[in-house]
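Data block below; observations after.
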Amino acid sequence: MSANGDGGLGLLGDPTRRAIFELLARGPRSVQELADELPISRPAVSQHLRVLRDGGLVVSHAEGTRRIYRIDPEGVGALRAWLDGVWSDALTTFHKIAESPSEQETP
């Protein structure tokens, strides 16, 4: 799985995963640090992190016996590129509709 396309958006559709992602956007954290800030257990945090990691939105590294998680800039960049493309297409369509002659203006 990759953050390309709307897959990354789907990963963030879950409110808990979105909260974890937002906390990691503020800085790297361990599972315990995340669990301390959320109303869920460490195992639940780990499950959500696994989904985010598999989806390419977060990465981790070992620090002693702990794993430290952080946002993956490449995954977030892919998600942003997809969103930019969707937004660009929407603006292009809007521009075409706005510039086309209205049916009411025809004689």
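Sequence positions, counted from 1, serve as the residue numbers for this chain. What's counted below: heavy atoms across the whole structure, side chains too, no hydrogens, waters or symmetry copies.
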Residue pairs fulfilling salt bridge (charged side-chain N to carboxylate O under 4.0 Å, His left out) with at least one residue in residues 37-46, sequence neighbours excluded: Arg29-Glu37
Nearest 0.5 Å, please: how far is CZ in Phe21 from CG in Leu57? 5.5 Å
Measure across Ile71 and Val59 and return the closest heavy-atom pair with its distance rounded to 0.1 Å. O-CG2, 4.5 Å
Taking everything shown except His61 itself, do over 12 heavy atoms lie less than 6.0 Å from its NE2? yes
Any side-chain heavy-atom pair from Leu34 and Leu49 closer than 4.5 angstrom? yes
Test of understanding: with salt bridge (Lys or Arg N to Asp or Glu O under 4.0 Å), list the residues that count as partners of Arg18, not counting sequence neighbours. none
Kindly state each residue pair satisfying salt bridge (charged side-chain N to carboxylate O under 4.0 Å, His left out) with at least one member in residues 90-101, sequence neighbours excluded. none
Pairing residues for Arg66 by the side-chain contact (heavy atoms from CB on, under 4.5 Å) criterion, not counting sequence neighbours: Ser30, Glu33, Glu63, Ile68
Ala44: partners by side-chain contact (heavy atoms from CB on, under 4.5 Å), with sequence neighbours left out: Ile40, Ser41
Quick check: are there more than 12 heavy atoms from other residues, nucleotides or ligands sitting under 6.0 Å from CZ of Arg67? yes
Not counting sequence neighbours, which residues clear side-chain contact (heavy atoms from CB on, under 4.5 Å) with Thr93? List them please. Ile97
From CG (Leu52) to OG (Ser60), nearest 0.5 Å: 11.5 Å
Just by distance, do the side chain of Arg17 and the backbone of His48 share a donor-acceptor pair under 3.5 Å? no
To the nearest 0.5 Å, what is the distance between CD (Gln47) and OG1 (Thr16)? 11.0 Å
In this structure, CG of Asp72 is separated from CG of Leu79 (nearest 0.5 Å) by 11.5 Å
